Each structure stands twice: as structure tokens, then as C-alpha cells.
Amino acid sequence: MDEFDYVIVGAGSAGCLLANRLSADARTRVLLLEAGGEDDYFWIDIPVGYLYTIGNPRTDWCYRTEPDPGLNGRTLGYARGKVLGGCSSINAMIYMRGQKSDYDGWAALGNPGWSWDEVLPYFLRVEDYARGADALHGVGGELRVEDPRVSWEILDAWREAAAECGIPKVVEFNRGDNLGTAYFQMNQRRGRRWSATKAFLRPVRKRPNLVVRTQAHATRLLIEARDGEKRTVGVEYRAAGAGAQRARARREVILAAGAIGSPQLLQLSGVGPGDLLAGRGIPVVHELPGVGGNLQDHLQIRMVYKVHGARTLNERANSLAGRAAMGLEYFLFRTGPLTMPPSQLGAFARSDPAQPTPNIEWHVQPLSLDRFGDPLHPFPAITPSVCNLRPTSRGHVRIKSPDPDAHPAIVLNYLSTDADRRVAADGMRFTRRIMAARALARYRPAEWRPGPAVEDDAALVSAAGDLGTTIFHPVGTCRMGRDAAAVVDDALRVHGIRGLRVIDASIMPLITSGNTNAPTTMIAEKGAEIVASAWR
């Protein structure tokens, strides 16, 4: 059995950073395990390549959710990165911290050290902000943040229309209160995806005390009873071409496998709800009922509007000449549509005046399609997707069998509460107000989906179930807290088991207001400091 000081499971946004920071001490030996392969696939580097990495078993776990009543019985493809860099190698690249109230809410739930003022320094520490440093931005860190390299007249008009409806134009988000509309900033460097691998792992991969193993699927934690306490002493994993292997951790095992992978591995190891484990034939090593619960995600409701007299990606991508021109622009100048994330323009607002802070967000796209992966529509159109930033619906992740290769059951329970259904209807009505504003009139927008005949609350909620889809923001399944349903404490230690931490998006007690990759990076930066300090 190989011995290391730290064994990190998962080389995604959190795992790459943890490997960087913990191996900075040359006296420690660090093992980073990644179930996927190297991030040398052509389409990872090109921003629009998410079209070819999501749903591709070379780079994606290719999960599917369980049939969801809130989605009128539909299931969804649920992308999670299975490659070095994890989701940062296949995601939308949008850099979004969330709001001050998100983190103050974490602290108020009994998690000292996690308020906005306390986590902001960790955001700044890793950031390399293209516009320069100020009180809310950092430069010189590894995570590059840049402005878009393409513009669309129809999106400029949408931004003006939102301003007419009380959503002010702002220079950028990420300053604590996201009320406003702006173009999203992204983790790119000069038109190329800037993943966690590029930012944190490649610069240090040759350190003699850091071992990175790809195609290494963790299957079980090794947990022993010592002196009346339980302690994690290592990880069992299956290596490509080498079969079952074990790695021993002298100090700690750190789970950074994400909101699906981390609870799955805990449950496979006998840590989780006792009735679930017993029902799957797994001996209960440590009963921890919250493992896999509290699953939260953002549901985006993809309304579609046909437009006239506006250039959208639909026409360009459906034309051979248009595709050739886009490719040429990208390879010559690193600009144009091939640098686009799935959404370019964002907006935050309150769905009703009683909301204390913005609780809905739009991801506005100069394109339309029936569902992800389908061809773009043959007519000019835009998609102003609206989502509830603070859903009250909760789901879960539960293993289906003791087989580590069997995907777990992912149950989102979208739109399962009155509050979420109300916000969905209000958000769709707000979208219609924006689309009817004067700034868009010259484009004669016509609602194509769900269509203007859908008016009352019940019809709108049903339409939301038909049109809604994930933005791939699962969090919360190893929730941080002190109560009986919490999985980790404020130092990210698993309750009741020594030598084991979870450091990834699964520890969020409440989902952040926006895209979740930047908060995950912050969690890893703070978590790395906590771990290193504990062993000084």
C-alpha cells in the first residue's frame, strides 16, 4: 500500500487547488486521484467546446436524474466532469461569486468563519482579474477572470429593456449585491478556457512530492476503529490496467468529488443513512443521516422569443459560410462566437418587492434550441432563461447498489414547494415585461415558448415543468453545520470520523446566488488553509 500524507479524491475545481496548496510544503506527500483521464481533448480548450464535452463519456460522468414530477415526469442529463479539471473543463466558465447575503446566511446557520467578509479574502487570493485590483478584486492569483470577446446587438437591446423595467445596468457582478444587468465575466485567458487544471495543477504537477493518478476510480474509504474512535486511514481505488489498489493517508483523506461523487463514495463506504445502507447490503460503518440529502440546484426556465431584424447565432451556426467565418475569426484572433459561454448576458432582480435581495437571475442567449445538444432553430431567436436563485425544494443523492460503477439516484424535486412554483410564475411574467419593453420593440419579439396563451399561475408552472432544465449547479449533499443532519463542521471535518474532510460544493448549507464554480474554488482555498494549519 502506498503511503501519503494526504489523499485527495477528485481532481476538479476543488481538488486541483487542494493539490497545489497542500503539496507546497515539500515535507508532505500528496496523492490526487481522478477517475477520468487527462484534459488533452481538443474541445476542452475551445470555450464553445462544451457542446462536445457535455454528454461525452470521455469527459462527463453522463448521469441522468430520476423522473421528476416537477418537470412533468421528465428526466435530465446531468453533466459532471470526469476528466482532469472536473467541471471546470466542461462548464460555462462564468465567474460568479454569489451575494453577500449568501455567505452571511451560512454563518448565521452556525458556521463561524464563513461570512462574506471572512470568505472574500479567499476569492481575492486566487483571482487574476483582467481589469485590475481593487477592494473587491485581486490580481496575481491563478484563476484568470476576463471580459467577453464577442458582442451581440440583440443582447445590448435586451440589457436596455431590462433597465427600462427597473434592473439597472452595472459594470460587473461579484461585488456583494448583484442587482443589475451586465455581461458575464469568465474564466478564460485570451479566448481559451482557463480550467482548474491550467490554473492550479499544471504549474505544480512536476513537484516530486505530488502524485497525480488519472483513470483511478475511488471505490471505498478505508475506515478503522482506534481507541474508541473511527478514523479514515486511506482509500481503495481501481486503476486502469492495474485493478484494485490502496493508498494510505498518514494525515487525512479529503473528498473533493463534488455534490454527486462525494456522498456516493461515503455511502459506498458505509457512511450515511443507516436504512439506506442496510437496504443496499452495505454494513453501516458510521450512521450519518445527512449524507446525500439537502441536494439543491438552480432550475432555469428557457423561454424562447423569435425576433426580426436581429442577427443571432441561429443563422450563423446554420450556415456553412457562417460556421467557416466563426472558425476563422477564432483561430486568427481568439474572438467571436467560439469564445462564448452558453450564456453571455446576465441580470439579477427581485421576483417581488418583498424579497430582501435579488432572488432571480436571467441567463440570456442569442440563440434557441429545443434542448441541450439539439440543433439550433432555423429562425432568428433569443432565449432569456430565468431561474430561482434560492430554491426551497430539496432533493437527494442515494446509491442504488454496492457497485461503485452504478450511477446513484439523483432526485432534484424541482418545483416541489409553493414558494418555488410562485417564483417560477413570477419570473416568467417578469421576462415578458422585459421582452415587451420599448428597447426591444424594433425587433418585434414574439413569444414562441411557452407562448402568450399560457397566462394563469397553474399554466405557467406547468410550462415551467416542460421548459425547465438544470444549470448544473448541484450543491449541499454533505452540508456544513452543527445539527444532526449536517455532515461536516465549519472546519469541513466529517462528523464522527477523524482524518476525513469534504472540501467541495457539497458542503454548502444553502446554494449561492448564481453559478457555483467560483464559490467552490473559494471553499477549496479556505479549506486548504484550514487543513495546512491543523498540521503545522
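Here, residue 1 is the first one in the sequence, and each next residue gets the next number. Quantities reported herein were computed from a predicted structural model and do not represent experimental measurements.
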Check: Ser262/Ser506 side-chain N/O donor and acceptor closer than 3.5 Å: no
Salt bridge flag under 4.0 Å for residues Arg390 and Asp102: no
Passing option when Ser89 is tested against Asp45, Thr197, Thr59 for side-chain contact (heavy atoms from CB on, under 4.5 Å): Thr197
Thr312 versus Trp152, side-chain donor and acceptor atoms under 3.5 Å: no
Min side-chain heavy-atom separation Arg394-Asn413 under 4.5 Å: no
Val83: which of Asp60, Ile44, Asn56, Thr214 passes side-chain contact (heavy atoms from CB on, under 4.5 Å): Ile44
Ring centre gap for His217 and Trp61 strictly below 6.0 Å: yes
No-hydrogen, no-angle side-chain donor-acceptor test under 3.5 Å, Asp134 and Tyr129: no
Electrostatic pair Arg479:Asp483 at N-O distance under 4.0 angstrom: yes
Pi-cation contact, Tyr330 with Arg334 (under 6.0 Å, within 45°): yes
Lys/Arg N to Asp/Glu carboxylate O, Lys100 vs Asp117, below 4.0 Å: no
Crowding at CZ, Phe331 (>12 non-hydrogen neighbours, <6.0 Å): yes
Residues which pass side-chain hydrogen bond (donor to acceptor under 3.5 Å, both in side chains) with Arg205, listed by chain and number, not counting sequence neighbours: Glu38
Centroid-centroid distance, Phe184 to His363, less than 6.0 Å: yes
Arg251/Asp5 ion pair, N-O < 4.0 Å: yes
Arg398, CZ: over 12 other non-hydrogen atoms inside 6.0 angstrom: no
Ring-face cation of Arg189 near Trp194 (centre distance under 6.0 Å, axis angle within 45°): yes
Arg493 bridged to Glu252 by N-O distance under 4.0 Å: no
Under-4.0 Å salt bridge between Arg21 and Glu525: yes
salt_bridge(Glu529, Arg125) N-O dist < 4.0 Å: yes
Arg159 bridged to Asp156 by N-O distance under 4.0 Å: no
Cationic N near anionic O, under 4.0 Å, Asp39 to Arg58: no
